[in-house]
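Sequence lines set the chain letters: A, B, ... in the order given, protein chains first and strands last, and positions in each chain run from 1.
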Protein chains: 2
Amino acid sequence: MPNLNTDKPERSRLSAADWERAALALIAEQGVTALNVEGLARELGVTKGSFYWHFPSREALLNAALERWELDVEHELGVEVESAGDPRARLRELFRRIAHEVQPHRVYAALLRALDHPRIQSLMARVSQRRMDFLALAYRQAGMERSAANHRARLTYAAYVGFLQMNVHLGVPRLSQDDYEAYVEHVIDTLIAE
Amino acid sequence: MPNLNTDKPERSRLSAADWERAALALIAEQGVTALNVEGLARELGVTKGSFYWHFPSREALLNAALERWELDVEHELGVEVESAGDPRARLRELFRRIAHEVQPHRVYAALLRALDHPRIQSLMARVSQRRMDFLALAYRQAGMERSAANHRARLTYAAYVGFLQMNVHLGVPRLSQDDYEAYVEHVIDTLIAE
DNA sequence: CTTGTCCCGTACGCTTGCGTATTGACTGGT
DNA sequence: ACCAGTCAATACGCAAGCGTACGGGACAAG
């Protein structure tokens, strides 16, 4: 079993994982529909002939890339769950981080626009449900009733989804840095305080 | 006058407006990418030859349909603005109505997934901005400070966008009727009360 | 040196969907 | 009755993308 190489220098040969990573990068930048094998091959400096050695079809690549992404996301959520401290402060910290690190969520935002694909739809349903469950738990740990926590988690997640859409894809006039910070604090006060 | 029949009309002749209405119906149901002239022609019981008499291209049809939709939306917002009464109660009423009449917002939700199209992006930016301005005004009339009202309007609109995504496209496990009502009231209490 | 495996290139067929060209049929006005 | 304008059918060209067939070079093993 040769080649465990996971770096990214100009190798003369590619592996399936290279295609998957390139696919995710392309999805993040230009969406799922932009994922075509010839374009991707061109971007990697090879031709289709290479691709169809690694994958039987475009769908297979998409599925592999999605699977890889789901594992990443689940891992991130895992480390999030394990962090200790005051639950309310943790939530605030989570909000601020997400507000300032939009980049890692671009794949999520891109997949949000491809929900007609059944596999992507079920994937997103799973991921969203897990995240909402995490939020609901956090709200309960912060002292809310079970039902209120569930509703608040749903509202929070809806706000997150809409936030991504508006910031990543909609050309909504960007707020100034100060206004943006004030907005984030407003969201935190509205959704967490009480 | 205009025949709103969207089934399989046995009309012998079609007008450009018929194509536009059919296009909007198709967009609402299956998204913008599903809008292709041959499929639409099949659905209307004619062939492409008819289409290209009314429109020079697929883009022209899409633009005409979007223009028509924008006028509708603007008109709805107009009647909304003119309604009087206690501002807070009006907001609550607005929330409840949107929560229960998701159907008219399916076009918006579909367009949300086609923001890579520059024309759709600017259109959606305009519509969203107008609606957010309306919300901000309502919040100010309800007694909030200018800046807080703007932020709350942004948050509310983000929640609306996310709400649409989750309900229309994401297969998120549907809430029971009672849970859903409770959720809506929770949203109202969280975003309006104070 | 030969051989098999891995990775890639080239060339082709196929489907979908846009757009064009041409012809035909139905309509109302004169 | 005729004619111009309107709507529609048929047939074709064309580009994009997926997938296949097949061939070849590099490289390690024997």
Side-chain angles (χ1 to χ4, degrees), chain A residues 1-23 26-27 29-66 110 113-114 116-120, chain B residues 1-3 5 8-23 25-27 29-66 110 113-114 116-120:
Chain A
M1 281 318 205
N3 245 344
L4 287 193
N5 196 354
T6 49
D7 295 338
K8 195 194 144 195
E10 308 138 9
R11 279 196 297 300
S12 51
R13 315 287 266 209
L14 298 176
S15 72
D18 293 319
W19 288 92
E20 295 168 16
R21 276 188 287 267
L26 188 64
I27 287 174
E29 288 166 15
Q30 306 189 39
V32 176
T33 57
L35 178 65
N36 57 328
V37 311
E38 294 183 358
L40 204 61
R42 198 165 33 241
E43 202 162 299
L44 287 174
V46 294
T47 62
K48 291 198 304 184
S50 169
F51 174 81
Y52 283 98
W53 191 89
H54 297 285
F55 298 93
S57 71
R58 174 189 179 274
E59 276 298 294
L61 168 65
L62 182 58
N63 290 336
L66 293 178
R113 294 161 67 194
D116 50 316
H117 193 296
R119 178 137 186 162
I120 293 182
Chain B
M1 285 323 264
N3 194 340
N5 194 355
K8 287 191 91 183
E10 299 288 338
R11 275 197 299 294
S12 49
R13 314 288 268 209
L14 298 175
S15 74
D18 293 320
W19 287 93
E20 294 169 15
R21 274 188 288 268
L26 187 64
I27 287 173
E29 288 166 15
Q30 307 189 39
V32 176
T33 57
L35 179 64
N36 58 328
V37 314
E38 295 183 355
L40 203 61
R42 196 165 32 241
E43 202 163 300
L44 286 174
V46 295
T47 62
K48 292 197 306 185
S50 169
F51 175 83
Y52 282 99
W53 190 89
H54 297 285
F55 298 93
S57 71
R58 173 189 180 273
E59 276 297 295
L61 168 65
L62 181 58
N63 290 336
L66 293 178
R113 295 160 65 193
D116 49 318
H117 193 297
R119 178 136 186 165
I120 292 182

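Each of A/E38 and A/F51 lies near DNA chain C, and the nucleotide nearest A/F51 is the one positioned closer to the 5' end.
Nearest nucleotide to the side chain of A/Y52, out of C/dC8, D/dT20, D/dA8: D/dT20. Taking every side-chain heavy atom of B/K48 into account, C/dG19 is the closest of C/dT10, C/dG19, D/dA8. Nearest to the side-chain atoms of B/N36 among the listed nucleotides C/dG17, C/dT10, D/dC18 stands C/dG17. With C/dA11, C/dC8, C/dC18 as the choices, the nucleotide that has an atom nearest any side-chain atom of A/V46 turns out to be C/dC8.
The nearest pair of heavy atoms linking B/R113 to A/A114 is NH2-C, 4.4 Å. The two residues B/R119 and B/L66 have their closest heavy-atom pair at CG-CD1, 4.5 Å. A pairwise comparison of heavy atoms in B/G31 and B/A110 identifies CA-CB, 4.2 Å as the closest pair. A/L26 approaches A/A34 most closely through the heavy-atom pair CD2-O, 3.4 Å.
A straight line from CZ of B/R42 to C1' of D/dA9 spans 15 Å, rounded to a whole angstrom. Spacing between atom CD of B/E43 and atom C1' of C/dG17 amounts to 16 Å, rounded to whole angstrom units. Rounded to whole angstrom, the span from the CG atom of B/L44 across to the C1' atom of D/dA9 amounts to 15 Å. Summarising the geometry, the separation between CG on A/L40 and C1' on C/dC8 is reported as 15 Å, rounded to the nearest angstrom.
Counting atom types as modelled, A/R13 pairs a side-chain N or O with a base atom of C/dC6 as donor and acceptor under 3.5 Å.
A heavy atom closer than 4.0 Å to some atom of DNA chain C occurs in A/W53, A/H54, these being the qualifying members of residues 53-60 of chain A.
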Pairs under 3.5 angstrom only: tabulate donor-acceptor contacts from the side chains of residues 45-61 of chain A to other protein residues two or more places apart or in another chain.
{"unit_1": "A/K48", "atom_1": "NZ", "unit_2": "A/E38", "atom_2": "OE2", "d": "3.1"}
{"unit_1": "A/H54", "atom_1": "NE2", "unit_2": "A/L14", "atom_2": "O", "d": "3.3"}
{"unit_1": "A/S57", "atom_1": "OG", "unit_2": "A/E59", "atom_2": "N", "d": "3.4"}
{"unit_1": "A/S57", "atom_1": "OG", "unit_2": "A/A60", "atom_2": "N", "d": "3.2"}
{"unit_1": "A/R58", "atom_1": "NE", "unit_2": "A/L35", "atom_2": "O", "d": "2.7"}
{"unit_1": "A/R58", "atom_1": "NH2", "unit_2": "A/V32", "atom_2": "O", "d": "3.3"}
{"unit_1": "A/R58", "atom_1": "NH2", "unit_2": "A/L35", "atom_2": "O", "d": "3.1"}
{"unit_1": "A/E59", "atom_1": "OE1", "unit_2": "A/H117", "atom_2": "NE2", "d": "3.1"}
{"unit_1": "A/E59", "atom_1": "OE2", "unit_2": "A/H117", "atom_2": "NE2", "d": "3.4"}

